[in-house]
Amino acid sequence: MAFSLLKPRFLSPGAAAAAPGLARQLSAHLRGEVLFDAGSRGRYATDASIYQCMPLGVAVPRDQDDLLVALQIAREARVPVVARGAGTSQCGQTVGEGLVIDNSRWLNGLVELDVQARTAVVEPGIVLDHLNAQLKPHGLWFPVDVSTSAQCTLGGMAGNNSCGSRSIAYGNMVHNVLGIDAVLADGTQAHFGPWDGCLPEAPRLRGLVQGLHAVAQRERGEIAERMPQVLRRVAGYNIDLFDCRNPRPYTDDGVPNLSHILVGSEGTLAYSRRIKIKLAPLPRAKVLGVVNFPTFYQSMDMTQHIVKLGPVAVELVDRTMIDLSLRNPAFRPVIERALVGEPQAVLLVEFAGDDGAALSAQLRALQDLMGELGLPGSVVAMEDAAAQKALWDVRKAGLNIMMSMRGDGKPVSFIEDCAVPLEHLAEYTAQLTEVFHRHGTEGTWYAHASVGTLHVRPILDMRRDGAAKMRAIAQEAAELVRRYKGAYSGEHGDGLCRGEWVAWQYGPRINQAFREIKALFDPDNLYCPDRIVDPPAMDDARLFRFAPGYRTIAIQPVLDWSAWDVRRDPLTGAETAPGTGGDPALGLGKAVEMCNNNGHCRKFDAGTMCPSYRITRDEKHVTRGRANTLRLALSGQLGEGGLLRPEVKEALDLCVSCKGCKRDCPTGVDMAKMKIEARAAWASRDGLRWRDRLVAFLPRYAGRLAPWAGLLHAAQSLPGAGWAKRRLGLAPARSLPRFARPFLRQAGLQQAACGPAGQQDKEVLLFVDTFNNHMEPENAAAARRVLEAAGYRVHLNLAPDGRGLCCGRTFLAAGLVEQARAEARRALDALLPFVERGVAVVGLEPSCLLTLRDEFLHYGYGEQAEQLARASFLFEEFLVREQRAGRLEVAWQAVPHARALVHGHCHQKAFDALRPVQTVLGWVPGLKVDMIESSCCGMAGSFGYEAEHFEASMKMAELSLLPAVRADAQALVVADGTSCRHQIHDGAGRQALHVARVLAMALPESGRQAGAGQPR
Ligand SMILES: Cc1cc2nc3c(=O)[nH]c(=O)nc-3n(C[C@H](O)[C@H](O)[C@H](O)COP(=O)(O)OP(=O)(O)OC[C@H]3O[C@@H](n4cnc5c(N)ncnc54)[C@H](O)[C@@H]3O)c2cc1C
Ligand code: SF4
Ligand code: SF4
């Protein structure tokens, strides 16, 4: 199959031909972004579903007026409009071939807040977590707590009638939306809210309400007959709004609310501009009981009894999910705390309220109940809020954890939110599992047991026989749902995937009623066509992201990606050997395809990912946008050129290689590593600019600059300095690093004399990187003093040629992978003899030392690289390890500061190596240690020096790091990264210290003297 971005497959020829005019009109009249280039269209062609549809273009309105202009221009061009929030829908709701309008970048305000009435009015693009952060000081929250809360928008939630983990207590979106200001497809603006039975005066709205009411009244009998009575039913339109069929009434006062016809309509009826919502008081306390079950069946069977205790959530995590979580370093300790033995499933049972004693009693009641049901001792009680949050985060990441499976077979979403009454849950899940097995696949179960909505995704290979199996399984699942009087779509909506099942679920009469409703609202079918009413077949391969025939182009990557190039048996989970997956891009293609578009990289909370998105809110500058661009480029969908495509360069431009995604992306998309591939391709085609050479070869020439250090520094304040920087492509406002007498040159000469006699069993190799050697030798000296004071004989990383060993990072940053590989070889040769006799390699600069644990493993040096990686530690990691082993005894003294503010280097965070900094600083008596909740400092090696990136660099720093530093002028600022210290100096005028220097200050008097003859 030929893949082309430019050919719409479903649009009428007229609409498709309108594209150039549409782009011109929008560009002329919109203040927001108008994106009609192939890269942007490709980035908006997918959501978290299996589908891909190329839009004609994308508009990102600046404000409400801009939105109206965009809608008007699209209407006049008769081009369909697809409303989009974060694009996290799982059924293809936000992919379509018309004009995609993205609300998330600018239309994201909290418009009104009425604390007394507990209501708020929001714009559609506001992210749920951002809203809740603004509500928290008022003791309120919006309680539809969907798993994607960190990125999903209220407009999208209303569009999908989203449901949270605590829906048993708070209901779904439809229970929490009070009104919507919307624009109809013909441009009519209207408020949809409570309806007192009177018809509006304006003829258009009068006809609309009259027609809607008439259709609903006409079908009352059919609605009562066909609409399943379960809380979670989100398919089709809420035609029962006048006569509610949901076990939980849609409104508190029983008055019908016209906005409820729009909730769950997936953008097909009207465009929401503002949404009025109902808020809930934040519960003062919560307790969590984790129930461990020996069999999956028991967990399902006993849910019906557990819900009678009045929990606000009962959520399932099954064995596969437990195992996958245990494999993730961030999740492992969290999930381990929740387990009793080796359960086949656990249920997270939460009780919430204001009375802590009552909650503890409920928890005891849960323990008693499990005893009565034959499972005494199966409940792990968690009353600590931090532990609860950590476990909920694992549960929320459930789907993403599952998607981290490698190979072409992926868990596919199409029957994953059927809702069945609780008494049938055990039988339903058992029978559906049998269906999977009959089709040679397996599914992992998780999520909302409390309301009978369990997520399950059978593993299918959509490039091969996936589509056929999908249909067969869907049909059998549908029969089961019908048998148990359940709802086929209980959470994630219809979209492209379940649209055809709407008619199946409700029958022809109600389906016809839906068609009439669509015609009343949008007679010209301009809003999200092909959804809910007359949708395409779910298995129309023209709509697939990975259709049969999808292939990546053949390329030879410079790094080893073979670990991704595997096949996986869906039933046993067994993977073939690395490099056997058949990827013509030798694993790079499959690594890129790991992105499932869930949008978690759009989050703003703790963690690093993704600093460039945090400052731009631009889909191009987020990990997902980059992964999509790479996928399109590597599969030839952008044209010839692969990694050399301009779209790739643009998308990677602001990626600071912070490795935030390597850790925070649930499927482990490692964009920093992918950027090395791209840079290598660019370097081999274009060569290097002077500026890149200066950075790349720094380790080679830095030693020669020492004698000129003073002169170089003075030259920075001369009149032509700014001009010279500009000529080199450097930002004039950026200070340049200061060079000094290299630590290794001085220390190396005296190496034979170092280390206290008689303690030679305690040896360590201090890996002094280029930056701490040539620019801040005082850090290396401090580290050496600390290690020697603790009784270690300190070896240094001098190679036989007298040049310090190097991790090769500066070469990687320029795409000179062969040079980096050569540095790695040199380091391995010099360090392995130490490693083999058990000497730890200890480094100071996170980006350098952690290269030994990361990129060194991808050069093809096999076990040697593994060996070195296992023996390499950051300075503070090493100290913590030694202290735990009882080998570190230092009588730390107080320092002249009461508080330390710590900024972690991104790579420290990516390797979960920041806690040791906190630990070792905690050894200093009287020092209060506070971590700055920051993402990347923005300096990121050479990024912050570059003229075109200076502004972005400073914006990243201003997000939280610099304000935190400025807020406490007395605190000691601690940062292990050279770049971070530089940024703090330039941005806040403060000198941050490496942790080694703080510890050196805290040494007893005798230790502070040690190494006094060494370079400072
Ligand atoms: C890992 C993962 C976990 C998930 N967990 C949950 C969960 O727990 N519960 C749940 O319910 N869902 C869940 N979802 C599905 C999805 O995240 C939610 O439905 C979410 O609320 C969608 O928000 P969004 O901003 O991404 O909307 P989008 O996907 O961008 O849009 C959703 C729909 O709303 C329409 N829309 C958006 N804005 C407007 C507007 N202004 N006017 C009219 N229509 C509009 C769109 O056209 C589309 O039809 C999950 C998805 C993923 C990937
Ligand atoms: S890059 Fe990772 S976090 Fe972002 S959408 Fe893709 S899978 Fe999700
Ligand atoms: S490496 Fe950092 S900047 Fe680049 S995509 Fe990942 S999180 Fe974003």
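We count ligands from 1, going down the list as the structure has it; atoms in each ligand are counted the same way. Side chains included, hydrogens not; waters and symmetry mates left out as well; all remaining heavy atoms used.
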Which segment of C906 sits under 4.0 Å of ligand 3 when only heavy atoms are counted:
neither

NZ/NE/NH1/NH2 to OD/OE distance under 4.0 Å, D618 and R105:
yes

Does a donor on one side chain sit under 3.5 Å from an acceptor on the other, for S162 and N160?
no

If we only consider heavy atoms of G668, is any one of them less than 4.0 Å away from an atom in ligand 2?
no

Hey, is there an N, O or S on C601 sitting under 2.8 Å from atom 4 (Fe) of ligand 2?
yes

salt_bridge(R166, E350) N-O dist < 4.0 Å
yes

Tell me the protein heavy atom at minimum distance from atom 8 (Fe) of ligand 3, and give that distance in Å.
C610 SG, 2.5 Å

By number and element, which atoms of ligand 1 are closer than 4.0 Å to a non-hydrogen atom of S89?
28 (P), 29 (O), 31 (O), 32 (C)

Taking NZ in K276 as the centre, count heavy atoms belonging to other residues, nucleotides or ligands within less than 6.0 Å. Is the count above 12?
no

Take every heavy atom of T94, measure it against each atom of ligand 1, and state whether any distance is under 4.0 Å.
yes

Closest by any non-hydrogen atom to atom 10 (C) of ligand 1: pick that one out of E491, E416, R232.
E491

Assess the side chains of S149 and D129: does a donor N or O sit below 3.5 Å from an acceptor N or O?
yes

Among protein heavy atoms, which lies nearest atom 6 (Fe) of ligand 3, and at what distance?
C661 SG, 2.3 Å

Hey, does G599 sit under 4.0 Å from ligand 2 if you only count heavy atoms?
yes

Looking at ligand 1, does any of its N/O atoms fall within less than 3.5 Å of an N/O of G85?
yes

Which atoms of ligand 3 have any heavy atom of R626 under 4.0 Å away?
3 (S), 4 (Fe), 5 (S), 8 (Fe)

Show me which atoms of ligand 3 lie under 4.0 Å from any heavy atom of C655.
1 (S), 3 (S), 4 (Fe), 5 (S)

Counting only heavy atoms, which portion of N597 has something under 4.0 Å from ligand 2: side chain, backbone, both, or neither?
backbone

Donor-acceptor contact present, side-chain N597 to main-chain R624, <3.5 Å:
no

For N103 and ligand 1, answer yes if some heavy atom of the residue is under 4.0 Å from a ligand atom, otherwise no.
yes

In terms of atom number and element, which parts of ligand 2 are under 4.0 angstrom from non-hydrogen atoms of T667?
7 (S)

For ligand 2, which atoms have a heavy atom of P666 less than 4.0 angstrom away?
3 (S)

Using distance alone, with no hydrogens and no angle criterion, decide if E946 and H949 have a side-chain donor and acceptor under 3.5 Å apart.
yes

G87 N/O to ligand 1 N/O under 3.5 Å:
yes

Heavy atom to atom 37 (C) of ligand 1, shortest distance: which of P124, G159, G156, A270 holds it?
G156

Quick test of your reading of the structure: of S272, G599, C152, whose heavy atom lies closest to atom 41 (N) of ligand 1?
S272

Counting heavy atoms under 4.0 Å, the part of N598 that contacts ligand 2 is both

R457 versus Q90, side-chain donor and acceptor atoms under 3.5 Å
yes

